Amino acid sequence: MDIRQAIKERRSIRKFKPEQIPEGMLGEILDEARWSPSWGNTQPWEFYVVTGEPLKKIKAANCRKLEEGGQSLPDIKMPASWPEQLKKRYNAVGRTTLDALGLQREDKAGRQEHTRSMFRLFDAPCLIVVCVDKNSSSVEYALLDVGIITQTLCLLAHDRGLGTIIMASAVNFPVSLKEVLPDAENKLIAVGIALGYPDMEAPINNFVRERASLNEFVKLVK
Ligand SMILES: Cc1cc2nc3c(=O)[nH]c(=O)nc-3n(C[C@H](O)[C@H](O)[C@H](O)COP(=O)(O)O)c2cc1C
C-alpha cells in the first residue's frame with residue numbers, strides 16, 4: 001500500500017470481528033515496526049502481545065474495575081485539563097462517536113454500554129501493551145519513541161487489512177494488568193494497541209473524522 005494512502009485511511013477501529021490474527025502476520029508486523037527511529041537508537045519500547053485466555057482476563061478485570069467504580073491509576077497520568085482549543089476537539093470526537101452509535105447525550109445506559117465495550121477493548125482479539133523500563137533516565141524521550149513505533153505498527157497493520165486503536169483506557173488499571181503480564185513490576189505501562197480484523201459495516205468505524213487545518217498549527221518562518 002502506498003504510504004500516503006495508509007496514513008490517510010488508517011482510523012481508530014471501535015468494532016472488531018472475532019477472527020484471530022494469524023501469528024505469522026503479527027510477527028511480520030512487529031519485525032517491520034522494529035525499524036522505527038528512537039532516541040540514540042535506544043529502542044526503549046517493550047511489547048506484551050496478549051491474546052486468548054490472558055486477554056479474556058484483562059477484559060474481565062477492566063470491566064470489574066469499571067463496575068466497582070475502581071480508581072483509575074494509569075502509569076501515565078490522564079490529562080486533567082486542556083487548553084481551550086484542545087478541549088473543543090476532545091469533546092467533538094466524543095460527540096461524533098456517540099452520534100455514530102445513535103446515542104443521545106441523555107441516554108445514560110447507552111453511554112455506559114459504550115464505555116463497557118471500550119473497557120472490553122471493543123472485542124479486539126489481540127492487545128499489545130506497550131511499556132518502557134521505569135528506570136529509563138528520560139521517560140519523556142522513551143515515550144516519544146513509543147509514540148513513533150505505535151504509529152508505525154498501526155500503519156503496518158492497516159496495510160495488511162487489520163484494524164487498530166491506540167487506547168489509553170486499555171491501561172487504566174496497571175495493577176490488574178500486572179497480575180496477567182509476566183515480569184512487569186518494573187515496567188511503566190504506556191499505552192495499549194487493540195488490533196484485529198475491523199468490522200467495516202459498523203457506523204462507529206465509518207464516521208467522518210476531523211483534523212485541524214494547517215493554519216491552526218503551522219507557522220511558516222521565512
Ligand atoms: C495515546 C492515545 C490514546 C487513545 N485512547 C483512546 C481510548 O482510550 N479510547 C478511544 O476510544 N480512543 C482512543 N484513542 C483514539 C483517538 O480518539 C483517535 O486517534 C482520534 O480521535 C483520531 O481519530 P482516528 O485515529 O480515527 O484518526 C487514543 C489515541 C491515542 C493516540
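In each ligand, atom 1 is the first atom listed, and ligand 1 is the first ligand listed. Residues: numbered from 1 along the sequence shown. This structure is a prediction, so every number in the text was calculated from the model and none was measured.
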inquiry  = Between the side chains of E185 and K178, is the shortest nitrogen-to-carboxylate-oxygen separation below 4.0 Å, so that they form an ion pair?
reply    = no
query = Is a donor on one side and an acceptor on the other found under 3.5 Å between the side chain of Y48 and the backbone of P182?
reply = yes
request  = Give the contacting part of I165 toward ligand 1: side chain, backbone, both or neither, where contact means a heavy-atom distance below 4.0 Å.
outcome  = side chain
message = Around atom NZ of K15, are there more than 12 heavy atoms from other residues, nucleotides or ligands closer than 6.0 Å?
response = no
Pair E32 + R160, salt bridge at N-O below 4.0 Å = yes
ask   = Got the closest protein heavy atom to atom 26 (O) of ligand 1, with its distance?
value = S12 N, 2.8 Å
ask   = Are any of the side-chain nitrogens in E106 or R111 under 4.0 Å away from the carboxylate oxygens of its partner?
value = no
ask   = Should one rank R209, H114, M167, Q151 by closest heavy-atom distance to atom 27 (O) of ligand 1, which comes out on top?
value = R209
request  = Ignoring hydrogens, just give me the one of T115, I76, I166 whose non-hydrogen atom is nearest atom 31 (C) of ligand 1.
outcome  = I166
query = Would a search of protein heavy atoms around atom 20 (C) of ligand 1 find one under 4.0 Å away?
reply = no
remark   = The protein heavy atom nearest to atom 7 (C) of ligand 1 is S169 OG, 3.5 Å
remark   = Ranked by distance from atom 9 (N) of ligand 1, the top protein heavy atom is M118 SD, 3.3 Å
query = Is there a side-chain contact between I166 and V130, using heavy atoms and a 4.5 Å cut-off?
reply = no
key: R89 bridged to E216 by N-O distance under 4.0 Å   = yes
task = Could you tell me whether E53 and K56 make a salt bridge, using a distance below 4.0 angstrom between a side-chain N and a carboxylate O?
result = yes
task = Measure the distance from atom 12 (N) of ligand 1 to every protein heavy atom, then report the residue, atom name and distance (to 0.1 Å) of the closest one.
result = R14 NH2, 3.2 Å
task = Would you mind telling me if ligand 1 is within reach of the side chain of V93, the backbone, both or neither, using heavy atoms under 4.0 Å?
result = side chain
ask   = Cation-pi between R11 and F207: NZ/CZ under 6.0 Å from ring centre and within 45° of the ring axis?
value = yes
ask   = Does R11 approach ligand 1 within less than 4.0 angstrom via side chain, backbone, both or neither, non-hydrogen atoms only?
value = both
inquiry  = Is there a polar contact between ligand 1 and A168, counting only N or O atoms under 3.5 Å apart?
reply    = yes
note = Nearest non-hydrogen protein atom to atom 22 (C) of ligand 1, with distance, is R211 NH1, 3.7 Å
query = Where on K8 is there a heavy atom closer than 4.0 Å to ligand 1, on the side chain, on the backbone, on both, or on neither?
reply = neither
